Every structure is written in structure tokens, then in C-alpha cells.
Engineer: 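Provided herewith is a single structure, encoded as C-alpha cells, for subsequent inquiry.
This structure is a prediction, so every number in the text was calculated from the model and none was measured. Numbers restart at 1 for each chain; the letters A, B, ... are given by sequence-line order, proteins then strands. The basis for the numbers below is simple: all heavy atoms, side chains too, and nothing from hydrogens, waters or symmetry mates.
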Amino acid sequence: STDRFSDFFYRVRAESPLHHQFLNRWLRTLSEPLPEIPIAAMDIEVRCPSVGHIPDPREADEPVICVCFVCSDGRKCAFLLLRSEVGDQVPEVAGVEVFAYRDERELLKAVFEFIIKYPVLVTFNGDDFDLRYLWHRAVDRFGFRREETPFEAHHDWMGVRHGIHIDLYPFFDNRSIQNYAYEQRYRETTLDDLAQALLNKRKIELEKPIGELDYKTLIEYCMNDAQLTYELAIKLRALELLFLISRIVITPPENVCRTGISIWIKNLLYASMRRLHPRYLIPHPEEVRKRGTITTRPVIKDKLYRGGFVKEPVPGVHFDVVVLDFASLYPSVISVWNISFDTVLCPHSECRDNLIPGTPHHVCRKRTGIVSAVIGSLKDVRVEYFKKLAKDKRLSPEERAFYNSVQLTMKVILNASYGVFGLRAFPLFCPPVAEGTAAVGRYALTKTIEKAESLGVRVLYGDTDSVFLHRPTEEQIHELIKWSERELKLKLELDKRYRYVVLPALKKNYIGVYDDGTVEVKGLAGKKRHMPAFIKRVFVEALETLSKVKTPEDFVDARNHIIHIVSEAHRKLRRREFDVRDLALVVKLGKDISEYRKTTPQHVKAARMLERLGRKVRRGDLIAFVKTRRGGAMPIDLARPEDVDIDKYAELLENTFRPILAALDLEVAEVTGGKMRSLFEFS
DNA sequence: AACTGTGGCGCAGTGC
DNA sequence: GCACTGCGCCACAGTT
């Protein structure tokens with residue numbers, strides 16, 4: 001055809017009719033602009049007796065005292081309950097329409113009428129709290145008939161009858177969304193952490209329980225949360241992402257925001273197979289399982305199969321490092337090797353010798369696998385079409401932003417597409433698919449390392465899909481990329497250039513410094529979430545020192561300066577010149593505390609102390625504690641400076657810096673030509 | 001019975 | 001999804 005997609009089809013030659021068919025579908029459904037639908041973001045406040053207490057939505061025994069909306073038509077509305085203990089003066093709040101009620105029943109009725117005006121209702125945790133509370137309050141306490149509310153109560157979620165309810169909490173809690181769409185910029189799925197990390201805003205801090213606030217403060221607090229929810233949806237494009245995922249995986253947005261990625265991919269593959277009926281039928285899980293078993297041994301026991309390869313790093317400091325990586329390695333492997341549950345270990349004798357390297361599994365030559373076609377086409381459209389549009393300067397910033405959302409959404413789905421085949425609960429669970437994909441990945445990386453070395457380039461490190469090259473020439477880089485394209489049929493790309501890299505002897509740990517002084521830290525203890533603020537600050541200072549280093553000679557001073565900073569911190573510890581709160585380790589409870597039976601980790605010990613004091617602790621809570629002399633861990637709120645076990649913190653400080661300093665020592669020894677005393681030889 | 005050293009393992013947090 | 005690190009618990013062996 002001569003339409004706007006013809007150029008794409010010219011560039012990307014479809015490998016099979018099936019592949020072509022999918023390319024077509026992606027282009028058409030994802031180029032269509034999203035419709036503009038009126039939305040309302042909502043937050044409610046319930047009177048509660050104390051600050052930390054959260055009322056049970058199924059009991060709903062406290063009154064709803066404020067409901068706020070921020071809407072796409074620009075309206076900001078607050079529904080307020082007037083109570084005798086607070087007064088009957090309706091406050092003025094700038095930019096907010098305030099509707100006040102003496103009767104809670106009337107308030108609920110007005111709120112319900114308001115909700116119905118907007119086809120999309122957005123909340124943060126509305127399934128478990130806001131909507132459920134309103135529902136139980138209205139039906140159980142005020143005798144509303146179910147039809148008199150706009151809600152539909154389901155076992156584990158809340159819907160709205162006239163439109164859709166999007167709960168952003170489970171969406172942002174999705175690890176794939178966190179990792180790939182928002183690049184790990186937030187760590188906790190709380191409104192406050194999301195707002196801080198992504199919007200540079202905060203929740204309003206309260207001094208008093210909700211029930212004791214004056215009306216104006218109450219509205220401001222509630223409206224702020226509704227506003228943050230609205231901004232997550234619109235400014236951070238969560239809603240756009242959601243609707244695009246919905247299109248790709250052929251699943252309603254209400255469902256997409258509440259389910260994990262394995263459900264999305266199941267729906268996508270099922271829909272694709274239905275479309276191809278009668279050439280394809282959806283297989284029974286048992287049938288997929290019969291395809292074959294695992295033949296590689298995982299590195300970590302209790303895992304199913306072997307995963308990515310990590311090269312032993314060359315410890316020390318290295319200048320002029322170029323990092324190359326494979327563009328979407330696993331999806332590309334699936335595409336190039338025709339890996340799918342319907343092609344791996346096929347029955348044809350002609351295909352027996354088409355082996356996946358490092359495994360006894362063979363792949364079909366006669367038919368295109370469904371997974372390979374779906375994932376391969378999605379990858380091609382992302383790389384060759386939407387990524388290009390997202391960078392196309394001839395388009396408006398709005399258009400570019402839209403196409404960027406599209407390519408980001410595709411990335412989320414692509415990156416998860418391989419792992420699900422190793423998930424027992426996945427209905428298309430097929431170990432050889434996962435195992436085979438990882439095996440080709442290892443093959444590609446090891447061959448690339450060998451090729452680089454044969455070209456005379458030293459490979460300093462590599463992890464799964466990347467190689468760190470020491471001082472390669474432009475020709476060598478080019479040669480390697482061409483070789484990969486030719487021999488592996490995989491796209492190797494220039495990822496980044498570092499002025500220098502600090503490689504500790506540890507895998508998955510490094511510091512990379514760009515030419516402009518930007519520092520990138522991976523894996524090192526100093527940046528881990530649980531580290532006390534006291535140590536994190538020292539760590540950041542050390543990184544600032546490294547950021548200024550320009551030549552190998554500079555390391556002598558840099559190393560001495562870092563040693564100085566660390567010794568200074570050490571001294572402060574010894575003299576107990578610190579705020580105890582800065583020494584708190586913050587660790588998440590992975591499960592409810594009763595489930596810790598085999599061991600009692602320190603944060604669990606602290607959590608048990610809190611529980612004995614009547615504090616509720618649940619799975620997912622962050623426990624802040626300090627290490628003390630007697631009895632180990634103690635909750636931060638109970639700890640006094642004199643309880644602190646200084647030796648333990650000194651050790652933690654040393655352990656944080658040891659890998660870095662050891663790497664720097666290698667460099668400094670090279671520059672000065674001799675050995676020198678390390679920080680830790682003093683202690 | 002109390003102490004010390006060691007190795008395995010559970011757990012959290014990270015990288016890709 | 002697997003690979004890797006650090007920390008601390010815990011069981012066990014050997015010693016006092």
C-alpha cells in the first residue's frame with residue numbers, strides 16, 4: 001500500500017506471512033491517537049481517632065468527612081462534612097469549589113452524583129480503601145440500595161457501573177512498570193514516595209489526627225492527595241501507558257491496572273492464537289508442559305534453569321571504557337531463533353539438528369512459532385518505527401511524547417515476555433523456551449567476548465547482554481558490531497562511554513564516570529536502600545570526589561581524600577557525634593512476622609518489639625532499627641544514642657568502602673609504582 | 001555446660 | 001525470570 005506505513009514495510013522485511021500480519025496490526029492499533037475521556041481523580045478522608053490508625057473499610061464505622069476530586073475539565077471539588085465539634089463555618093479554599101453537608105447521607109449522595117459525570121475514575125488504592133469504604137458506608141450504614149451507588153463491589157476490586165475505575169496502586173506496584181517504564185526512580189509504592197521521586201512533590205505532613213483538623217487544612221490535605229493522584233495519571237502518563245498496554249495485550253484497562261504481566265502476555269498470546277484459528281488452537285497447559293524438560297543446571301540452587309552469564313570483572317580503575325550491549329537481547333533471541341512453545345522440540349525429524357547452543361533442544365524450521373512472531377514483530381515495530389518517531393524533530397513535542405509512551409510500553413511487555421515461560425503459574429509455562437532463550441543469550445555474550453579479544457580489545461566486564469571494552473578504537477567497535485549482525489544476527493549497540501570505570505572485584509558492582517563528571521553507581525552497598533543516612537552521606541561525598549577525577553594521577557589525591565572522609569566519619573561515630581535517627585537501618589518485612597520460623601533477622605526482631613508495644617506491623621512495612629550493644633536490633637523510636645553499638649557501625653562503614661578503596665589502591669599503586677598503606681591496615 | 005569457629009542457609013536488596 | 005552480594009542466624013563440631 002502507499003499509506004504512511006509503506007516506508008516501514010520497505011525497511012523491515014517480514015520474515016514470514018505471520019510476522020507480516022502482526023507488524024500490520026501493531027502499526028495500525030498503536031498509531032491511533034488515544035481518545036480524550038473526561039477523568040476524575042478522587043481521594044477521601046475518614047475521621048479516625050489516632051494518627052497512625054487506618055480505619056477498616058469493611059467495618060466503615062467512622063464517618064466520611066471529606067471527599068476531593070481533581071478533574072480533567074479543570075474543576076477541583078471538595079465535599080465536606082460539617083461536624084459540631086469542628087464548627088459550621090464553610091472555609092474558602094483557593095481554586096476549590098467547596099460543597100458542605102451537615103448530613104453524611106446527603107454528602108454521599110452528592111459524591112455519587114458527581115462520580116457518575118466522569119467515565120473514568122482514578123484513585124490510589126481505591127480498591128482496598130476509598131471505594132470500598134464509601135460502598136460499605138453507604139450500603140451497610142446508611143441503607144443505600146446497591147443501585148443507588150455508582151459502584152460494583154467485587155471480591156478483590158471495585159468497579160464503577162457507568163465507566164471504569166483505575167486504581168493506580170497495583171499498577172505502580174507492578175515490578176515491570178517500576179523497572180522499565182519508570183526506570184526504578186521510585187522504590188516504595190506509596191503516594192508520598194511516588195510524588196517525591198517522580199513529581200518532586202510531597203504529601204502534606206499532619207501534626208494532628210485527621211478528625212481533629214480544621215476544615216481548611218482537611219480540604220487542603222485531601223485535595224493534595226487527589227491532585228497527586230491526578231498528576232500520576234496525567235503528567236506521568238500512567239493512564240496513557242495503561243490504555244496502550246490495553247491495546248497491545250487486548251485486555252480492558254480496568255483489568256490491566258490490576259493484573260501482573262503474565263496475565264497481559266497470556267491474553268496477548270491467546271488473542272493472537274484465536275485470531276489465527278483454525279491454523280492455531282490454544283493448547284492445554286499439560287500439552288505445553290509435555291514439550292520437554294530442563295537440561296541446564298542453575299547457578300543458584302532452587303532455581304529452575306540457568307540464566308544470564310556474568311563475566312568476572314578485572315578489578316581496578318580503567319580509563320576510556322566503552323560499553324556495548326545487545327538491543328533487547330531476549331526478545332531478539334526469541335525472534336531470530338524462532339523460539340516458542342510450539343516450535344521448541346517439534347516432532348519433525350528434519351529439524352532435529354537445528355540445536356540451541358548449549359542445550360539438546362532443537363527448534364522447528366518449518367513453521368513460525370507464535371511467540372516468536374508476536375514478540376519479534378512487536379520488537380521490530382518498536383525499534384524501527386516508534387522509537388524513530390519519538391526522536392523525530394519534525395514532529396511536535398506532544399506527538400513525540402506520545403510515541404515515546406508507545407515505545408516505552410512496548411519495552412515493558414518485551415522485557416517480560418521471556419521470563420513468564422519460566423513461571424509455573426503461567427498457563428503456557430514452557431521451561432525449554434525460557435532455558436533455550438537464556439542459553440542463546442549466554443552463547444551470544446561469550447562469543448562476543450571472544451571476538452573482542454581476538455580483535456585485541458580487553459573485555460573488563462560483562463553482564464547478561466553487555467560488554468565493557470577497554471580503550472577500543474572506533475574501527476574495533478564498528479568491526480564488533482558488524483560481526484554480531486553478521487554472525488549472531490543480533491543488534492549490538494554502543495550504550496555508553498565512560499571517562500573511567502572503577503571495578504571492584506565483585507560482580508554486579510561498579511562505578512562509571514562520564515566525561516561530564518556524571519557518576520553512575522551500580523550495586524554497591526552505599527546506595528542500597530537499607531543503609532543508614534549517616535553512611536549514605538559519606539558515600540555520596542566519596543562519589544563527588546570521584547566525579548572530579550580527570551587523570552590517573554588524580555587518584556592519589558582522590559584516594560587520600562576518600563580515606564580522610566571515611567576516617568572523619570569514623571571519628572564522629574567514636575565520639576558519638578550523631579543523630580541516632582541517621583543510624584537507622586530501614587528494612588522491609590518480606591512477610592508477616594509470624595511467618596519467620598526458620599530464622600529471626602534483625603529487622604524482624606525489631607518488629608516483634610514494636611508489636612509487643614501494641615504497634616501493628618504487617619508484611620511490606622519498612623522497619624527502622626539501630627544495632628545496639630545488648631540484644632542486637634532495637635526499633636529506632638526506642639533507641640538512645642548510648643545504646644548504639646559503635647563497632648558494628650564502624651564495620652558497616654568499612655565494608656561499604658572496602659571494595660572501592662581496594663580498586664583505587666590498585667590504580668594508585670600503578671601510578672606511584674609502589675605499595676601503600678590502606679585505610680584498613682590502621683584498624 | 002559454656003565457648004569458639006565454621007559453613008550452610010534464609011533473607012533483603014540489587015543488576016540485567 | 002536468574003545471578004550476585006552482604007548480613008546474620010543457626011546448627012554443629014571441637015575445645016575448655
Engineer: Below 4.5 Å, heavy atoms only, C-beta onward: do Phe341(A) and Val371(A) meet side chain to side chain?
Structural biologist: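 Yes, their side chains come closer than 4.5 Å.
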Engineer: Could you check whether Leu524(A) gets within reach of a base, just the sugar-phosphate, or nothing at all, counting any heavy atom under 4.0 Å?
Structural biologist: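 Nothing, no nucleic acid heavy atom in range.
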Engineer: Under 4.0 Å, counting only non-hydrogen atoms across every strand here, what does Arg597(A) touch: a base, just sugar-phosphate, or nothing?
Structural biologist: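 Answer is nothing: Arg597(A) stays at 4.0 Å or more from every strand.
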Engineer: For Lys301(A) and His530(A), find the nucleotide of DNA chain B closest to each by heavy atoms; which residue's nucleotide sits nearer the 5' end?
Structural biologist: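 Looking at DNA chain B, the more 5' nearest nucleotide goes with Lys301(A).
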Engineer: Just to be sure I understand the rule, does Lys522(A) reach a base, reach only the sugar-phosphate, or reach nothing, if contact means heavy atoms closer than 4.0 Å?
Structural biologist: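 Contact class for Lys522(A): sugar-phosphate only.
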Engineer: Where each residue is assigned the nucleotide of DNA chain C containing its nearest heavy atom, which of Lys303(A) and Leu652(A) is assigned the position nearer the 5′ end?
Structural biologist: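 The residue whose closest nucleotide sits nearer the 5' end is Lys303(A).
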Engineer: Distance check: side-chain N/O of Lys528(A) vs OP1/OP2 of dT5(C), anything under 4.0 Å?
Structural biologist: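 Looking at the OP1 and OP2 atoms of dT5(C), neither is under 4.0 Å from any side-chain N or O of Lys528(A).
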Engineer: What's Ile300(A) touching, base or sugar-phosphate or nothing? Going by heavy atoms closer than 4.0 Å.
Structural biologist: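 Base contact.
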Engineer: According to a strict under-4.0 Å criterion, is Lys507(A) in side-chain N/O contact with OP1 or OP2 of dC4(C)?
Structural biologist: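 For dC4(C), OP1/OP2 do have a side-chain N/O of Lys507(A) under 4.0 Å.
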Engineer: Need one value for Lys311(A): base, sugar-phosphate or nothing, where a base atom within 4.0 Å counts as base even if backbone is also close, heavy atoms only.
Structural biologist: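 No contact.
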Engineer: Quick one: Phe625(A) CZ to dG8(C) C1', roughly how many Å, whole number?
Structural biologist: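 Result: 10 Å.
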Engineer: Name the nucleic acid region contacted by Phe421(A), choosing base, sugar-phosphate or nothing; use a 4.0 angstrom heavy-atom cut-off, strictly under.
Structural biologist: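 The residue Phe421(A) makes no contact with any strand.
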Engineer: Minimum heavy-atom separation for Leu653(A) and His570(A), please, with both atom names.
Structural biologist: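 Residues Leu653(A) and His570(A), closest heavy atoms: CD2-N, 3.9 Å.
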Engineer: Inspect the contact between Arg608(A) and Glu611(A) and indicate whether a charged nitrogen and a carboxylate oxygen are less than 4.0 angstrom apart.
Structural biologist: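 No, Glu611(A) and Arg608(A) are not salt-bridged.
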Engineer: Rounded to whole Å, how long is the line connecting atom NE2 of His603(A) with atom P of dG13(B)?
Structural biologist: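 Between P of dG13(B) and NE2 of His603(A): 7 Å.
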Engineer: Mind checking Phe309(A) for me? I need base, sugar-phosphate or nothing, with any heavy atom below 4.0 Å counting as a touch.
Structural biologist: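 Nothing, no nucleic acid heavy atom in range.
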Engineer: Hey, is Asp193(A) close enough to Arg187(A) for a salt bridge, meaning N to O under 4.0 Å?
Structural biologist: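 No.
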Engineer: Across the strands shown, which category fits Tyr510(A) at heavy-atom distances under 4.0 angstrom: base, sugar-phosphate, nothing?
Structural biologist: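 Answer is sugar-phosphate: Tyr510(A) comes under 4.0 Å of backbone atoms only.
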Engineer: Just to verify, which of Lys507(A), Lys508(A), Arg442(A) counts as forming a salt bridge (Lys or Arg N to Asp or Glu O under 4.0 Å) with Asp463(A)?
Structural biologist: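 Between Asp463(A) and the candidates, salt bridge (Lys or Arg N to Asp or Glu O under 4.0 Å) is satisfied uniquely by Lys508(A).
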